[in-house]
Asks: 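Before I ask anything, let me first share the structure, which is written out below as structure tokens.
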Amino acid sequence: MRRMNWTAGILAVAVLAALGAGAASSPGAAARAPKATCTFSNPAHAGDCVEVTEVAEDSTPHDACVAILNCLNDARCVKVYCNATNVRQGWKLKAAEPLEE
């Protein structure tokens, strides 16, 4: 039994080491996807809603925020934004800015 635990421990260390080495050498590890801060308003929601989202390659912060806006104004959208609000109409995009990290 003791040998089995030792073997499992060695295996776990080997797997973790391999994962760490792979992450360090992968091309995407150093460059993170750009993000945007989106600010939305709605008279039926208390205060502004601020969401942070990734910006797709060849896209803009505005485009990324409009995708969230479309979801907020669509009752069929199942994604959760703005503290899981169930307000699904009347949202407006106030600001779409790149997130500086």
Side-chain angles (χ1 to χ4, degrees):
M1 184 73 165
R2 209 176 216 169
R3 182 164 175 74
M4 209 160 106
N5 287 339
W6 182 82
T7 303
I10 293 296
L11 180 61
V13 169
V15 168
L16 290 174
L19 289 174
S25 64
S26 67
R32 293 184 185 167
K35 294 185 179 183
T37 302
C38 311
T39 306
F40 306 96
S41 66
N42 188 312
H45 186 269
D48 287 343
C49 164
V50 178
E51 293 286 338
V52 174
T53 188
E54 288 188 3
V55 177
E57 190 174 331
D58 299 327
S59 188
T60 65
H62 182 268
D63 294 338
C65 294
V66 166
I68 294 173
L69 178 65
N70 291 338
C71 179
L72 284 168
N73 285 319
D74 184 354
R76 297 170 294 173
C77 184
V78 295
K79 292 184 180 179
V80 178
Y81 296 110
C82 304
N83 296 322
T85 184
N86 58 2
V87 177
R88 290 296 181 177
Q89 62 183 356
W91 288 96
K92 295 183 179 175
L93 179 60
K94 288 179 68 174
E97 300 172 356
L99 179 66
E100 302 296 326
E101 292 188 76

Asks: In terms of relative ring orientation, are Trp91 and His45 parallel, tilted or perpendicular, with 30° and 60° separating the classes?
Replies: tilted
Asks: Distance-only criterion, 3.5 Å: show the donor-acceptor pairs between side-chain atoms of residues 81-90 and protein atoms not counting sequence neighbours.
Replies:
unit_1, atom_1, unit_2, atom_2, d
Thr85, OG1, Val87, N, 3.1
Arg88, NH1, Cys71, O, 3.0
Arg88, NH2, Lys79, O, 2.9

Asks: Could you go step by step and tell me if Phe40 and Ile68 meet the side chain to side chain contact (heavy atoms under 4.5 Å, CB included) rule?
Replies: CA-CA 9 Å; Phe40 306 96; Ile68 294 173; 3.5 Å; yes
Asks: Please tell me if the side chains of Lys94 and Ser41 come closer than 4.5 Å, counting only heavy atoms from C-beta onward.
Replies: yes
Asks: Going hydrophobic residue to hydrophobic residue with side-chain gaps under 4.5 angstrom, can you get from Val55 over to Val66?
Replies: no
Asks: How many angstroms lie between atom CG of Leu99 and atom CD of Glu54, to the nearest 0.5 angstrom?
Replies: 11.0 Å
Asks: Can you tell me how far CG of Asp48 sits from NZ of Lys92, rounded to the nearest 0.5 angstrom?
Replies: 13.0 Å
Asks: Should Thr53 and Lys35 count as side-chain neighbours, where that means a heavy-atom distance under 4.5 Å?
Replies: no
Asks: Is there side-chain contact between His62 and Leu93, with at least one heavy-atom pair below 4.5 Å?
Replies: yes
Asks: If you look at every heavy atom in Cys65 and Ala95, which pair is closest and at what distance?
Replies: SG-O, 4.5 Å
Asks: Return the minimal non-hydrogen interatomic distance between Ala64 and Ser59, and the atom names on each side.
Replies: N-OG, 4.4 Å
